[in-house]
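Let me begin by presenting the structure, written as structure tokens, before commenting on it.
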Amino acid sequence: MKQTKAFYFAPYSIWLLLFVVAPLVLILYQSFFDIQGNFTFANYATYFQSGTYLTMTFNSIFYAFLITLFTLLISYPTAYLLVKTKHKQLWLLLIILPTWINLLLKAYAFIGIFSMNGTVNDFLVFTGIGRQQILFTDVSFLLVASYIEIPFMILPIYNALEEMNPSYIKASSDLGANNWETFRRVIFPLSLNGVKSGVQAVFIPSLSLFMLTRLIGGNRVITLGTAIEQHFLVTENWGMGSTIGVVLIVAMFLMMLVTGEKKKKGAFRK
Amino acid sequence: MAKKTFKWSNLYLLLVFALLYAPIMYLIFYSFNDGGTMTSFTGFTWDNYTAVFEDSRLMGIVLDTLLVALLSSLLAAIIGTLGAIGVYLVKQRKTRNTLLSMNNILLVSPDVIIGASFLILFTFIGFRLGFTSVLLSHVAFSIPIVVLMVLPKLQEMNPTMIKAAHDLGANNWQVLTKIVLPAITPGILAGYFMAFTYSLDDFAVTFFVTGNGFSTLAVEIYSRARQGVSLEINALSTLMFLFALILVVGYYFIQQYSINKKHKQQHGRKGKEAVTLL
């Protein structure tokens with residue numbers, strides 16, 4: 001029995017060590033080296049002392065918060081209504097389909113839609129507002145990022161609502177609650193886990209959407225992800241890039257602590 | 001009254017769907033434009049499509065991308081399935097939960113972190129960047145989703161079946177191939193499919209570990225899009241949309257094939273919503 005266990009575990013543990021543990025250790029290790037390869041704490045000192053990095057981090061978190069909020073506002077009603085439709089599976093599939101289109105293609109589409117002569121500007125001219133610079137602004141970054149994240153928010157909320165025992169809703173109305181009260185006191189609290197995983201699924205990636213800041217945000221918006229990409233692939237200052245990476249990992253764990261729920265049951269039985 | 005609110009809700013859903021599909025339809029629409037821009041439609045043409053097929057560099061990249069996706073999802077399916085069986089065999093709850101948390105690290109990490117840390121890893125061990133580094137990275141970030149897809153199937157399996165097989169004289173190999181694998185095949189297939197789409201969809205990780213010589217479609221689109229609009233990309237995205245459509249239909253049938261209804265909705269970004277993270 002021991003031998004068979006070892007057989008199953010061998011490739012998997014190599015993967016765990018090489019691609020899960022080692023990269024995390026290495027990024028932490030790298031963050032203590034400057035661009036010449038000397039051991040130093042300077043990267044952290046720079047990060048926490050220079051206003052630029054802190055402002056950038058704050059902005060990135062703020063943008064991620066806005067993106068999460070927008071997607072949540074659009075997705076919750078969508079998921080709620082989807083559960084009630086007749087051909088749920090089909091509709092759900094249609095929500096998933098756009099996520100299978102490469103993110104870059106969707107971003108690329110917005111280059112056309114938001115451009116000076118694009119559809120949105122034609123519409124603005126038609127309504128009398130006149131042409132506006134939309135592409136390469138903070139707003140365009142927020143809109144495109146929210147657009148891309150919407151399905152990832154809908155799915156977990158949908159799953160949570162779908163799993164809900166419908167007899168609770170009946171019980172609630174039997175006990176005299178009106179629709180709004182049922183929603184506020186029964187449906188919403190029960191779907192909260194879905195909202196939490198949706199927030200997780202949207203917030204953390206939103207901190208690191210560097211391709212969107214480059215293609216759509218026109219480098220006006222700098223997220224943590226943009227800064228990491230810049231340090232690794234443009235200025236080749238891996239130490240500083242890793243330092244920001246460590247900050248991002250810490251932010252990720254904090255986020256998971258806030259939204260993670262302690263389940264007493266086995267972790268994966270849904 | 002009830003009828004009226006029902007209508008409003010349908011309108012809302014329609015609006016959301018329109019919003020989700022508008023950019024894609026926009027891309028497809030302008031792929032037939034002979035004007036060369038994505039803003040004014042001057043006339044219908046197939047030229048952009050012939051340009052895609054005549055662009056041998058682009059076609060090479062398409063083939064490379066497919067090759068990476070096929071190989072990485074296959075390898076990830078094998079390693080992930082073995083890993084899932086391994087995790088299943090662990091009886092101590094603590095060890096098991098630790099293993100699962102470690103399994104999920106790559107699922108929740110932002111792409112940029114995965115890409116940057118893999119880049120450090122490859123440089124650290126002196127590995128040359130190119131096809132193999134991209135392939136290994138794709139295998140690496142696909143393994144956890146396979147584990148998550150296979151594990152529920154293992155847990156649904158009746159453990160007395162394995163005992164019975166052993167009692168009847170089957171050796172370990174026979175138990176694996178005759179009892180365990182048939183029971184978890186739907187999970188493996190679903191995992192393989194998810195891994196395949198992750199690989200096709202990935203941009204950020206590949207961007208970090210691709211080096212100079214090798215390119216995948218996403219990386220190529222990024223560099224072309226930075227130079228401005230080219231309707232060849234529109235034509236290509238139309239073709240990719242059709243391909244995704246076929247994949248979705250395929251995935252749908254695999255899901256249907258899967259006996260268990262409960263795990264029907266386990267897809268989505270890196271399975272996060274399926275996991276709800278400990």
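This is a predicted model, so every value here is computed, not measured. All chains are named by letter (A, B, ...) in the order of the sequence lines, taking the proteins before the strands, and each is independently numbered beginning at 1.
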* To do: Evaluate side-chain contact (heavy atoms from CB on, under 4.5 Å) for Thr78(A) paired with Tyr12(B), printing each intermediate quantity in order.
  => CA-CA 8 Å; Thr78(A) 312; Tyr12(B) 182 79; 3.4 Å; yes

* To do: Answer with side chain, backbone, both or neither: which region of Leu19(B) has an atom nearer than 4.5 Å to a non-hydrogen atom of chain A?
  => both

* Over 12 foreign heavy atoms within 6.0 Å of NZ, Lys91(B) -> yes

* So, does Tyr12(A) use its side chain to make a donor-acceptor pair with the main chain of Gly80(B) at under 3.5 Å? -> no

* State whether the number of non-hydrogen atoms from other residues, nucleotides or ligands found under 6.0 Å of Phe253(A) atom CZ is greater than 12. => no

* Asked: Is the distance between the ring centroids of Phe207(B) and Phe210(A) less than 6.0 Å?
  -> yes

* Part of Leu248(A) within contact of chain B (heavy atom distance under 4.5 Å) -> side chain

* To do: Could I get the full list of salt bridge (charged side-chain N to carboxylate O under 4.0 Å, His left out) partners for Arg224(B), not counting sequence neighbours?
  => Asp55(B), Glu220(B), Glu232(B)

* Among Tyr80(A), Trp15(A), Phe232(A), Phe19(A), residue most engaged with chain B (heavy-atom pairs, under 4.5 Å) -> Trp15(A)

* **Atom group of Phe241(B) that falls short of 4.5 Å from chain A, counting heavy atoms** => both

* Structure fact -> When the 4.5 angstrom heavy-atom criterion is applied to Val87(B) and chain A, the contacting part is both

* Structure fact -> Assert top hit (heavy-atom pairs under 4.5 Å, partner chain B, pool Val246(A), Ile113(A), Ile101(A), Ile244(A)) equals Ile113(A)

Please list every donor-acceptor pair under 3.5 Å in which a side-chain atom of residues 116-125 of chain B meets a protein atom from a residue at least two apart or in another chain.
from	atom 1	to	atom 2	distance (Å)
Ser117(B)	OG	Ile113(B)	O	2.8
Ser117(B)	OG	Ile114(B)	O	3.2
Thr123(B)	OG1	Leu119(B)	O	2.4

* Please examine the side chains of Leu94(A) and Leu20(B), heavy atoms only from C-beta on, and report whether any two atoms are closer than 4.5 Å. => no

* Of all of Ile27(A), Asn102(A), Ile154(A), which one pairs up most often with chain B through heavy atoms under 4.5 Å apart? -> Asn102(A)

* **Working for side-chain contact (heavy atoms from CB on, under 4.5 Å), residues Thr81(B) and Tyr8(A)** => CA-CA 9 Å; Thr81(B) 306; Tyr8(A) 292 129; over 6 Å; no

* Side chain, backbone, both or neither: which part of Gln30(A) has a heavy atom under 4.5 Å from chain B? -> side chain

* Largest heavy-atom contact set with chain B, pairs under 4.5 Å, which of Ile228(A), Ile249(A), Leu233(A) -> Leu233(A)

* By a 4.5 Å heavy-atom criterion (distance strictly below it), what part of Tyr108(A) contacts chain B: side chain, backbone, both, or neither? -> both

* Quick one: what part of Thr85(A) sits under 4.5 Å from any heavy atom of chain B, side chain, backbone, both or neither? -> side chain

* **Proximity breakdown for Leu236(B) and chain A, heavy-atom pairs closer than 4.5 Å** => neither

* Thr197(B) portion near chain A, given a 4.5 angstrom heavy-atom threshold -> side chain

